[in-house]
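So the structure is just underneath, and the comments pick up after that.
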Amino acid sequence: MSDAARTEWWESLPAGIREQIDGYVLQDSVMGAVRLVFNVGHASHGIGLNTAQAIVADRYEHYGDRIARTPDSPLDLDSLAYRAAGFPGRILAIEAIWDGDTVHDWFVELLAVTEDPETDHHLATVYSSTAKNHLAAQHTSDPRPLPAIAADRAGRALAAHLAVPFHFASPDTPDDEAPRWRP
């Protein structure tokens, strides 16, 4: 759907629906906004998930600095270790995986992989803005994307602290289908 078509669709919505979507955006609730756009637009206008994300990205661009942004995840060793200590089960590894959306572009999720229960526990989300803030005082000539650099450094430090392996299957290039860590 073109920019003009998205704008036309947006303007055709009832004011109450627009206010609800914008409410989610202003609270930095990407998924709430995308879900609502998809739900109200899919049946009536054939709006798919990608278009719903683009419409929400338009609203994020519209509001800019007025959005109450979700705070950055802390990437310092003490904070990550404190979070990891609260997870049930023995930690087997620390893993970094790529994800992305139309609002944040590519970002990295830091996870603690545990056994009993065998699951992943979220440690941090490393967006470009998170990485810039975390790496601000550090000069780097590393050519990788900033989220990869910050996640790699934080993940390796935590894994070393916990004496477990660190796994990042695609540290150089965003790839949300890279192989996951397995014991």
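Just so you know, residue 1 is the first one in the sequence shown, and it goes up from there.
Residues P74 and L80 share a closest heavy-atom pair of O-CD2, 3.6 Å. The shortest non-hydrogen separation linking I17 to L36 is O-CD2, 4.4 Å. Taking every heavy atom of both residues into account, G89 and T114 meet most closely at O-CG2, 4.2 Å. Residues P88 and P117 share a closest heavy-atom pair of O-CD, 3.8 Å. Nearest approach of D28 to A68, heavy atoms of both residues: CB-O, 3.3 Å. Between T125 and F107, the shortest heavy-atom distance links the atoms CG2-CD1, 3.7 Å.
Using a distance-only test at 3.5 Å, with no hydrogens or angles considered, no donor-acceptor pair links the side chain of D152 to the main chain of A148. Side chain of R156 to main chain of H167: no donor-acceptor pair is present (N/O by atom type, distance under 3.5 Å, no hydrogens or angles). With hydrogens and angles disregarded, a donor-acceptor distance shorter than 3.5 Å links the side chain of R6 to the backbone of M1.
Taking 4.5 Å as the limit, every side-chain heavy atom of H121 sits out of range of all side-chain heavy atoms of R83. Counting heavy atoms from C-beta on, the side chains of I55 and I47 come closer than 4.5 Å. In this structure, the side chains of Q53 and N50 come closer than 4.5 Å at one or more pairs of heavy atoms. In this structure, R144 and P171 have side chains that are in contact, with non-hydrogen atoms separated by less than 4.5 Å. L92 is not listed as a side-chain neighbour of V164, based on a closest heavy-atom distance of 4.5 Å or more. For the pair L146 and L135, the minimum side-chain heavy-atom distance is below 4.5 Å. You'll find the side chain of D105 stays beyond 4.5 Å of the side chain of S128, heavy atoms only. Inter-residue side-chain proximity for I97 and L111 is flagged as met; some heavy-atom pair is nearer than 4.5 Å.
A salt bridge is defined here as a Lys NZ or Arg NE, NH1 or NH2 lying under 4.0 Å from an Asp or Glu carboxylate O, and R90 with D116 fails to meet this definition.
A side-chain donor-acceptor contact under 3.5 Å links S79 and D76. In the model, D175 has no side-chain atom that pairs as donor or acceptor with a side-chain atom of S170 under 3.5 Å.
The CG atom of L123 sits 6.0 Å away from the CG atom of L110 when rounded to the nearest 0.5 Å. With rounding to the nearest 0.5 angstrom, the CG atom of D142 is 6.5 Å from the CZ atom of R153. Annotation: the span from Y127 atom OH to N133 atom CG amounts to 13.5 Å, rounded to 0.5 Å. Separating the CZ atom in R18 from the CG atom in D22 is a distance of 8.5 Å, to the nearest 0.5 Å. S73 OG to H134 NE2: the interatomic distance, rounded to the nearest 0.5 Å, is 11.5 Å. Remark: E95 CD to W181 CH2 distance equals 8.5 Å, nearest 0.5 Å.
By the rule that hydrophobic residues join a cluster once side-chain heavy atoms approach within less than 4.5 Å of another member, L49 and W10 end up as members of one cluster. Placement of Y63 and I21 within a single hydrophobic cluster is found when ILVMFWY residues are connected by side-chain heavy-atom separations under 4.5 Å, directly or transitively. Under the 4.5 Å side-chain heavy-atom criterion for grouping Ile, Leu, Val, Met, Phe, Trp and Tyr, I94 is not connected to I149 through any hydrophobic cluster.
Classified by interplanar angle (parallel below 30°, tilted 30° to 60°, perpendicular above 60°), the ring pair W9/H45 is perpendicular.
More than 12 heavy-atom neighbours from other residues, nucleotides or ligands sit within 6.0 angstrom of CD on E115.
Among V56, V34, V30, the single residue meeting the side-chain contact (heavy atoms from CB on, under 4.5 Å) criterion with V25 is V56.
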